[in-house]
Amino acid sequence: MKTRSQTTPKPLKTVALAPRPDSPKRRPRPMPKPAGKGDPRAPKKPPTAFFYFMEDFRKTYKQENPSVKSMREIGKACGEKWNTMSFEEKVKYYDIATEKRAEFEKAMIEYNKKKESGEMSEESD
DNA sequence: CGTGTGATTGTTGAT
DNA sequence: ATCAACAATCACACG
């Protein structure tokens, strides 16, 4: 349970885990959701092909590098290898992601319907 | 005890 | 067409 109301602002970032020379934050996250504003029924994005590849890669990576703590390294390793992967090899992950997208798309349709159905809070006041 | 942060790319909704 | 934010993962640090 996330006590989002009680969550500490967390101004400090203990990034002493990995000695990164300088990695510019590509994704400046503004902040966690301020308050209920947003799409409560908005279907979450399905994992991309990259993530599916990561699932498999993670296991392999741990086998090859059992001493590796985890994470960010894998992420980088994944991305690097991902770029070296042949399209045909990636296709198999794309295929999975594609199916998920299909479901996601359907969910999005219903989501839109629900929005129209009862939640039209967009009134000019 | 709990949760945010870190990086990877892809995907998709919104403008 | 372009932007921006979010999708999982997992150890660790901080209050």
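Lettering follows sequence order; numbering is per chain, from 1.
- Atom CZ of A:Phe87 and atom P of B:dG10 are 11 Å apart (whole Å).
- Contact annotation: the side chain of A:Tyr93 never approaches that of A:Phe57 to less than 4.5 Å [non-hydrogen atoms, C-beta and beyond].
- Taking atom OH on A:Tyr93 and atom P on C:dA8, their separation rounds to 18 Å, with Å as the unit.
- Between A:Gly75 and A:Pro46, it is A:Gly75 whose nearest contact on DNA chain B lies nearer the 5' terminus.
- The aromatic rings of A:Phe50 and A:Trp82 stand perpendicular to each other, their planes meeting at an angle above 60°, with 30° marking the opposite boundary.
- In this structure, the side chains of A:Lys81 and A:Met85 come closer than 4.5 Å at one or more pairs of heavy atoms.
- For the pair A:Asn83 CG and B:dA7 C1', the computed distance is 14 Å after rounding to whole Å.
- For the atom pair NZ (A:Lys90) and OG1 (A:Thr84), the distance works out to 8.5 Å, reported to the nearest 0.5 Å.
- Atom pair A:Glu105:CD and B:dG10:P shows a separation of 20 Å (rounding to whole Å applied).
- Of the residues near DNA chain B, A:Phe104 and A:Ala49, the one whose nearest nucleotide (by heavy atom distance) lies more toward the 5' end is A:Ala49.
- Of the residues in residues 50-60 of chain A, A:Phe50, A:Phe51, A:Met54 come within less than 4.0 Å of DNA chain B through at least one heavy atom, sorted by number.
- For the pair A:Asp56 (side chain) and A:Tyr52 (backbone), a donor-acceptor distance under 3.5 Å is absent.
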| said: As a quick check of understanding, evaluate side chain to side chain contact (heavy atoms under 4.5 Å, CB included) for A:Tyr61 and A:Glu73, giving each step before the final call. | reply: CA-CA 10 Å; A:Tyr61 194 91; A:Glu73 281 181 65; 4.0 Å; yes
